[in-house]
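In what follows, a structure is listed as structure tokens, so that the remarks can point back to it.
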Amino acid sequence: MNIIEAIILAIIEGLTEFLPVSSTGHMIIASSLMGIQSDEFVKLFTVAIQLGTILSVVVLYFKRFFQSFDFYFKLFVAFVPAVIFGLLFSDKIDALLESPLAVAISLVVGGVILLYADKWFNQGNIDKTNDISYPTAFKIGLYQCIAMIPGVSRSGASIIGGMAQKLTRKAAAEFSFFLAVPTMFGATVKKLYDFFKQGSVLTSEEINILLIGNVVGFIVAIIAIKSFIGFVSKHGFKAFGIYRIIVGGIILALLLSGSNLQVM
């Protein structure tokens, strides 16, 4: 992986991490199209650049993010299911991360769900994240676990989970942003631990690539979050559903035509 490829992936991560379109799925496909060869550093990079994107949440929601201990406890309760499922099914998750077919199918299925999400979950009356109860936080955390399947979208799953628990679109989106911080931080720490545990060492060039990727992801994510909140509050999720179906359909068509999309 070179600097240009890293910047492209960081832009994709920043744009898609908080949108219900699957950042992991997009990075898998982008890596395949660019012919990036899979190695331990590439796998680390695709997770570690999430640190920049979660920092954007802390910066944008600084006052609300440090509002009360009760808020942290609710985030922790919502985070617990991801820890349990991640530890139990880490090997199967890693295997799915190498499958463009799994990404394509998840994009299409998730797109269909988003087409009807506003109709199915339009009774939200919880407009503030402070009003979320502990049982509700835990249920949203369970929905988030579905996103361990590449192409599902962590933000999409947790937002739909929030709306299913009577949160408004805006409140569900914001809680999804907050929940991303412990989830993505935990995933990054685990990936770094596994990387060094097996004896791998970061070169100076790889450290520079990680730093540049995180800076780019941070800047792009700030723009994406601000734009997304305004858009989804006014227009809902239908446009994202259509986008997912188109992208997933194109990938499926390429795979069925015999195109050899290389995995990460």
- Quick one: do Val247 and Val21 satisfy side-chain contact (heavy atoms from CB on, under 4.5 Å)? Show the steps, please. CA-CA 10 Å; Val247 173; Val21 297; over 6 Å; no
- Above 12 or not: heavy atoms from other molecules or residues under 6.0 Å from CZ of Phe195? yes
- Query: Hey, is OH on Tyr116 packed in by over 12 heavy atoms from elsewhere, all under 6.0 Å?
  - Reply: no
- Take atom CD of Glu40 as the centre, draw a 6.0 Å sphere, and report whether it contains more than 12 heavy atoms from other residues, nucleotides or ligands. yes
- Regarding Gln198 and Ser200, is there a side-chain donor-to-acceptor distance under 3.5 Å anywhere? yes
- Task: Give, for atom CZ of Phe121 and atom CD1 of Ile160, the distance between the pair rounded to the nearest 0.5 Å.
- Result: 6.0 Å
- Task: For Val215, enumerate each residue passing the side-chain contact (heavy atoms from CB on, under 4.5 Å) test, keeping only those at least two apart in sequence or located in another chain.
- Result: Ile219
- Please round to the nearest 0.5 Å and tell me the distance separating atom CG of Asp70 and atom NZ of Lys74. 4.5 Å
- Message: Determine whether the aromatic ring centres of residues Phe185 and Phe79 are separated by less than 6.0 angstrom.
- Response: no
- Message: Let me confirm one number: the CG-OG distance from Leu51 to Ser56, rounded to the nearest 0.5 Å.
- Response: 11.0 Å
- Item | Between Ser158 and Gln144: side-chain donor-acceptor atoms closer than 3.5 Å | no
- Task: Decide if atom CZ of Phe196 counts as having more than 12 heavy atoms of other residues, nucleotides or ligands within a radius under 6.0 Å.
- Result: yes
- Query: Short question: side chain of Arg154, backbone of Ser176 - any donor-acceptor pair under 3.5 Å?
  - Reply: yes
